[in-house]
Amino acid sequence: MRKPDEEKDLIRALSRGLDMILAFSHHRVRMTLTEAAEATGLSRPTARRILLTLQDRGYVRTDGKTFALTPRVLALGYAYLSSLNLTEITQPFMERVVQATGEGCSLATLDDTDVVYVTRVPTHRVTSITLATGTRLPAHATSLGHILLADLTTAELDRYLSRADLRPLTARTIRTPAELIERLNLVREQGWAMVDQELEEGLRSIAAPVRDANGRVIAAMGLSSLIATTDADAVREQLLPPLLTATNGVSTELGAGLNRMGER
């Protein structure tokens with residue numbers, strides 16, 4: 001229990017705002033004002049003021065009857081990633097992947113329906129896509145995206161599918177929710193993802209998950225290769241092992257132990 005002198009240092013409105021954000025879950029994706037008040041133990045007027053404040057700041061949206069979180073809440077999670085100094089931890093592992101494979105290595109997180117590149121260790125090979133920190137690519141067409149989507153809960157994946165534009169980028173791009181769900185089931189089962197010319201003709205990519213101490217996937221690490229230089233079997237036999245070694249190593253440093261999809 002907090003001491004009285006500790007209580008006076010707390011900002012009650014901030015505490016209630018955070019409680020309101022956390023009240024939303026896969027069981028309560030949308031809530032009416034009454035439901036939000038009950039979930040947080042607040043009065044309706046207080047709950048209303050908090051929800052309107054969160055809406056004004058872009059963290060909550062409403063259809064006039066119910067309230068739901070917006071993707072901007074993910075920014076709070078990215079602040080956590082920054083506090084982990086994830087790029088500093090991953091850098092030496094990624095450099096070893098590049099040395100072992102001769103391919104550029106990237107680290108990405110999920111932002112709404114896109115993957116966003118957090119950091120990248122390049123190689124001298126060139127593709128038609130310029131990849132740098134901050135680059136955004138559609139999650140449904142990338143191996144990095146498949147890793148990140150595969151760790152979403154059913155409710156989170158449903159929200160993603162309701163917003164995602166599964167437009168074909170090549171003749172091989174996944175185009176329907178059913179196809180994507182089938183692919184994500186495979187990714188969870190095998191523990192890694194490969195995309196074959198689904199983002200760009202002539203380009204094949206592979207990715208694996210990076211987990212935090214709670215076993216959640218907080219980032220995906222991957223690399224790409226040209227189909228003219230590396231066939232699918234070579235990707236699995238030559239590129240995948242050093243990539244898994246790297247993601248397992250990063251996950252271990254973050255406290256997650258062995259990096260295996262499907263384990264929480």
Side-chain angles (χ1 to χ4, degrees), residues 1-87 108-118 133-134 136 138-140 145 148-165 177 209-220 254-256 264:
M1 180 176 292
R2 299 187 187 94
K3 298 178 181 179
D5 59 338
E6 294 175 330
E7 289 282 354
K8 69 181 182 181
D9 292 329
L10 302 182
I11 301 175
R12 183 168 296 181
L14 176 58
S15 177
R16 288 173 172 174
L18 294 173
D19 288 342
M20 182 64 73
I21 290 175
L22 293 175
F24 289 91
S25 68
H26 65 282
H27 296 301
R28 293 188 293 253
V29 177
R30 305 191 68 91
M31 292 191 290
T32 64
L33 175 57
T34 298
E35 291 169 337
E38 291 176 350
T40 55
L42 300 173
S43 66
R44 277 174 54 91
T46 299
R48 179 178 178 274
R49 289 196 299 272
I50 291 173
L51 286 168
L52 291 179
T53 300
L54 291 172
Q55 181 184 1
D56 179 70
R57 299 298 295 171
Y59 293 107
V60 164
R61 64 176 179 268
T62 181
D63 58 9
K65 294 182 179 180
T66 60
F67 296 86
L69 298 180
T70 72
R72 189 171 186 181
V73 172
L74 293 172
L76 302 176
Y78 295 145
Y80 167 68
L81 287 179
S82 298
S83 71
L84 289 176
N85 206 355
L86 190 60
T87 56
T109 57
L110 187 67
D111 183 15
D112 197 15
T113 61
D114 294 333
V115 294
V116 179
Y117 281 68
V118 176
T133 300
R136 304 176 72 93
H140 76 284
L148 296 164
L149 293 174
D151 194 60
L152 297 182
T153 65
T154 300
E156 290 169 339
L157 183 57
D158 286 343
R159 289 199 294 275
Y160 163 81
L161 290 172
S162 71
R163 299 190 303 271
D165 180 8
V210 171
R211 295 182 181 276
D212 65 11
N214 295 314
R216 290 301 307 264
V217 175
I218 60 171
L254 294 176
R264 298 287 178 86

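Residues satisfying the side chain to side chain contact (heavy atoms under 4.5 Å, CB included) test with A139, not counting sequence neighbours, are L110, V115, L149, Y160. Under the side chain to side chain donor-acceptor pair (under 3.5 Å) criterion, T66 pairs with R30, D63, sequence neighbours left out. For D56, there are no salt bridge (Lys or Arg N to Asp or Glu O under 4.0 Å) partners two or more places apart in sequence or in a different chain.
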Please step through side chain to side chain contact (heavy atoms under 4.5 Å, CB included) for the pair D165 and T113, ending with a clear verdict. CA-CA 8 Å; D165 180 8; T113 61; over 6 Å; no
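The minimum heavy-atom distance between L148 and A108, with the atom names listed, is CD1-O, 4.0 Å. Nearest heavy-atom pair across T32 and F67 is C-CD1, 4.5 Å. When all heavy atoms of D114 and R136 are compared, the closest pair comes out as OD2-NE, 3.3 Å. L42 approaches I50 most closely through the heavy-atom pair CD1-CD1, 3.6 Å. Heavy-atom minimum distance, R28 versus M31: CD-SD, 3.5 Å. The heavy-atom pair separating L54 from G17 by the smallest distance is CD1-O, 4.1 Å.
Judged by distance alone, with hydrogens and angles left aside, the side-chain atoms of D151 form a donor-acceptor pair with the main-chain N or O of V217 at under 3.5 Å. A donor-acceptor pair is defined here as one N or O able to donate and one able to accept, closer than 3.5 Å; no such pair exists between the side chain of S15 and the backbone of R12.
The structure places CZ of R216 at 7.0 Å from CG of L152, a figure rounded to the nearest 0.5 Å.
Listed by first and then second residue, the side chain to side chain donor-acceptor pair (under 3.5 Å) pairs involving residues 37-50 are T34-R44, S43-T46, T46-R49 (not counting sequence neighbours).
Taking 4.5 Å as the limit, some side-chain heavy atom of L86 sits within range of a side-chain heavy atom of I218.
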